[in-house]
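First up is the structure itself, then whatever we jot down about it.
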Amino acid sequence: MRILGIETSCDETAAAVVVKGQKVLSNVVVSSLAEHKKYGGIIPEIASRRQLTCIKPVIDTALNEAGLRQDQIDAVAVTVTPGLIGSLLVGTSFARAFSWAADKPLIEVDHIKAHVYASFLDAPKNQPKPAKHRPRPELPAVGLVVSGGHTSLYHIRSFQNYQLMGQTRDDAIGEAYDKVGRILNLDYPGGPIIDRLAQKGKKSEIQFTCARLPDTLDFSFSGIKTAVLYYVRQQKNITPTQLNDIAYTFQHSVVDVLVQKSVSACRKTKSKTLVVGGGVAANQTLRQRLTAEAAEQGINVYFPAMAYCLDNAAMIAGYAYHIHQ
Ligand code: KG4
Ligand code: ZN
């Protein structure tokens, strides 16, 4: 079964063709991010207008790269929630029209559930093969979503059965990264930049504590963001070394909590598999620490290929296959 996936929930316009939920024939993503940078965040009106101009060429390119005509697609899948309403409207309208014109089923997909599906996709064609054969993750599993808008832990018994175990009570993890980036005068989005700076930083006298919310699997990241703000306000100027150390300390504190809660969720559900998804799944410290600490507990951790961490349509088309089944 060949599914055309469409993703337009935020600033990315994406289309992909995926066979049987696994084999990615094409995966095209364009983003209007550059147009939002000067505002320090996504402007919904700009995002939806760019969706309109990009949607048709992006879908045509995805079909071309897959070597398929419109009538050779078996179903069309689209993100219906959550997201910016104007951006979602473009993708869902296009998908409905495509489904009607081609007389193929339309599959509605939840973006967050699709993020944790990304680890189940075959690795992209251009990516070097891993040295060791890596088996596909198996269900039941715990799913950790770490994106710009969400931080959630799910117990995934099957692709039809996601049970929410915990979520953020305020900022999402990606949002906290981006706000700290803004406090530090970094470009938008701050997440990948802080990750890079943190690799050059070290443990110092700077301390930021991330709320632990013991006895729950919920998260809270707004306190640590404010702690960074107060620290920065107290400094006359921030040297490059200090900047790296701030990034290091912030990153280590939030990753600590993500690791501890994910391992607790696995213990609670007796899961031996942990799948991670969302933009922050690209974070180097999270990838290293979670893999190492979960291994000590006998848990296998799966991160998506880098191309499938950020918003993309391959995860939409892949997950849609299981909804359709
Ligand atoms: O999943 P995503 O593309 O969008 C949403 O669905 O929200 O995630 C975007 C988020 C942004 O907040 C960005 O700063 C963050 O992912 N991000 C990172 C890294 N790469 C992207 N955060 C930390 N470390 C990274 N390497
Ligand atoms: Zn996303």
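In what follows, every heavy atom counts, from backbone to side chain, and hydrogens, waters and symmetry copies are set aside.
- A 4.5 Å side-chain heavy-atom check between I183 and Y231 finds every atom pair outside the cut-off.
- For the pair S9 and V80, the minimum side-chain heavy-atom distance is 4.5 Å or more.
- The backbone N or O of S87 sits less than 3.5 Å from a side-chain atom of T8, completing a donor-acceptor pair.
- When each of E35, E45, E12 is paired with R50, the salt bridge (charged side-chain N to carboxylate O under 4.0 Å, His left out) condition holds for E35 and for no other.
- Residues Q72 and R2 have side chains that never bring a donor and an acceptor to within less than 3.5 angstrom of each other.
- Under the 4.5 Å side-chain heavy-atom criterion for Ile, Leu, Val, Met, Phe, Trp and Tyr, V232 and F208 are members of the same hydrophobic cluster.
- Under a 3.5 Å cut-off, the side chain of Q297 and the backbone N or O of K272 do not form any donor-acceptor pair.
- Side-chain contact check for R69 versus L63: every heavy-atom pair is 4.5 Å or farther apart.
- Listed for the T151 side chain is a donor-acceptor partner under 3.5 Å among the backbone atoms of I173.
- Side-chain atoms of T209 and Q207 form no donor-acceptor pair, as typed in the model, at a separation below 3.5 Å.
- In this structure, Y302 OH and L290 CG are separated by 13.0 Å, a value rounded to the nearest 0.5 Å.
- Remark: side-chain polar atoms of R136 are paired, donor with acceptor, to backbone N or O of F120 under 3.5 angstrom.
- In this structure, CZ on R289 lies 6.0 Å from NE2 on H252, to the nearest 0.5 angstrom.
- A donor and an acceptor atom, one from each side chain of D171 and S222, are nowhere located under 3.5 Å apart.
- Between the K202 side chain and the D245 main chain, no donor and acceptor come within less than 3.5 Å of each other.
- L106 and V17 fall within a single hydrophobic cluster, where Ile, Leu, Val, Met, Phe, Trp and Tyr are joined by side-chain heavy atoms under 4.5 Å apart, directly or via other members.
- Rounding to the nearest 0.5 Å places CD1 of I323 at 8.0 Å from CD of Q160.
- Connection of W100 to L89 is not established within any shared hydrophobic cluster, with ILVMFWY side chains joined at heavy-atom distances below 4.5 Å, either directly or through further cluster members.
- Heavy-atom minimum distance, Q284 versus D195: N-OD2, 3.0 Å.
- In this structure a side-chain-to-backbone donor-acceptor pair under 3.5 Å is missing from R157 to L139.
- Within the 4.5 Å cutoff, no side-chain heavy atoms of D256 are placed close to those of C210.
- The closest donor-acceptor contact from the side chain of N244 to the backbone of A198 lies at 3.5 Å or more, if one exists at all.
- For Y117 and H322, the ring centers are positioned less than 6.0 Å apart.
- Inter-residue side-chain proximity for F250 and Y177 is flagged as met; some heavy-atom pair is nearer than 4.5 Å.
- The closest side-chain heavy-atom distance from T269 to M165 is below 4.5 Å.
- Not a single donor-acceptor pair under 3.5 Å links the side chain of S147 to the backbone N or O of G278.
- Taking OG1 of T249 as the reference point, atom NZ of K203 lies at 8.0 Å (rounded to 0.5 Å).
- The closest donor-acceptor contact from the side chain of S99 to the backbone of K104 lies under 3.5 Å.
- Taking CD of E138 as the reference point, atom OG1 of T273 lies at 6.5 Å (rounded to 0.5 Å).
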Show which side-chain atoms of residues 307-317 pair as donor or acceptor with protein atoms under 3.5 Å away, not counting sequence neighbours.
| unit_1 | atom_1 | unit_2 | atom_2 | d |
| --- | --- | --- | --- | --- |
| D311 | OD1 | H111 | NE2 | 3.1 |
| D311 | OD1 | H115 | NE2 | 3.0 |
| N312 | OD1 | A314 | N | 3.1 |
| N312 | OD1 | M315 | N | 2.9 |
| N312 | ND2 | Y308 | O | 3.3 |
| N312 | ND2 | L310 | O | 2.8 |

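- In this structure, the side chains of L153 and S262 come closer than 4.5 Å at one or more pairs of heavy atoms.
- Between R182 and D178 no salt bridge is recorded (no basic side-chain N to carboxylate O distance below 4.0 Å).
- In this model, a donor atom of one side chain and an acceptor atom of the other lie less than 3.5 Å apart for D170 and S220.
- Grouping the Ile, Leu, Val, Met, Phe, Trp and Tyr side chains by contacts below 4.5 angstrom, directly or via other members, places V90 apart from I42.
- Under the 4.5 Å side-chain heavy-atom criterion for ILVMFWY residues, a single connected hydrophobic cluster contains both V180 and I206.
- Looking at I193 and L184, their side chains never come closer than 4.5 Å, going by heavy atoms from C-beta outward.
- Using a distance-only test at 3.5 Å, with no hydrogens or angles considered, no donor-acceptor pair links the side chain of K200 to the main chain of T241.
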